[in-house]
Amino acid sequence: ITKSAPPAVNQNATFSYNISVTNPSESDNTNVVVTDTLPSGMEYMDAPQGDYNAGSRTVTWNLGTLAAGETRDLKIVVKAIREKSEPGWCNRAQVRSNEVSTKEAEACTIVQAVPAMHIDCYDTEDPVQVGDQTIYVIKIRNEGKKQATEVQFTFEIPEEGEFVSLSAETEGQSVSGEFDGSGTVVFQAIPIMVPDQVALFKITVKATTAGSALGTGILQFAEFSKPFRVQEPTTYYE
């Protein structure tokens with residue numbers, strides 16, 4: 001019996017344990033049974049041709065007779081629900097028959113937690129008459145299972161408007177920011193955002209020219225290699 005699995009996956013990823021059972025002898029093996037008990041960090045998803053017992057978290061395959069030289073390939077599909085560092089979650093499969101005592105094979109998979117940032121944006125007034133103001137409200141939340149670091153948010157003022165004021169906070173603490181004078185509001189980087197932490201940014205803008213205005217928020221954090229953007233359209237009218 002042999003068993004394989006990815007050496008490492010991200011938390012909440014779905015993957016397969018692949019089991020191969022071979023009879024290398026010159027005679028048949030009868031009443032061949034394969035069992036596999038899942039570790040607690042894995043959630044059962046599927047096991048084609050296998051019977052799953054939720055109480056014992058064990059998958060059983062009754063293969064019957066395995067002819068001389070025959071190989072059977074089996075699979076368990078699981079979801080990694082709990083983080084674990086090296087050596088990771090280790091999963092062991094066993095096979096036995098009337099002719100052969102129990103054989104075992106093991107595969108270990110590291111489960112890595114990762115941050116996942118989500119961003120929402122809306123304006124408090126739309127449409128906005130020239131001379132009046134609207135507030136762009138941006139909410140950022142860490143939807144992942146690991147803290148995000150060096151979370152940096154900037155906001156590009158629509159060219160049809162002018163900056164009025166800003167405010168920002170996270171976990172009840174204010175976040176400083178400044179208008180750079182050329183159309184961009186830059187907020188202080190948040191060193192750490194833990195899972196489910198929310199940061200709220202508000203930028204007040206005065207409509208100065210009629211047109212189709214786009215306010216653009218840009219989010220970056222250390223664990224994601226590229227900045228990503230969200231835009232909020234607002235109609236400015238005379």
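Everything numeric in this text was worked out from a predicted model, so none of it was measured.
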[X] atom [atom1], over 12 foreign heavy atoms within 6.0 Å:
| X | atom1 | result |
| --- | --- | --- |
| Glu159 | CD | no |
| Gln49 | CD | no |
| Arg72 | CZ | yes |
| Tyr237 | OH | yes |

Check the side chains of [Y] and [X] for a donor-acceptor pair under 3.5 angstrom, ignoring hydrogens and angles.
| X | Y | result |
| --- | --- | --- |
| Thr234 | Tyr136 | yes |
| Glu83 | Gln11 | no |
| Ser20 | Asp73 | yes |
| Glu70 | Thr22 | no |

Side chain proximity check, Ile203 to Ile138, heavy atoms < 4.5 angstrom: yes
Check: Phe201 ring centroid to Phe155 ring centroid under 6.0 Å: no
Phe15 with Leu38, same ILVMFWY side-chain cluster at under 4.5 Å: yes
Side-chain ion pair, Arg92 and Asp36, N-O less than 4.0 Å: no
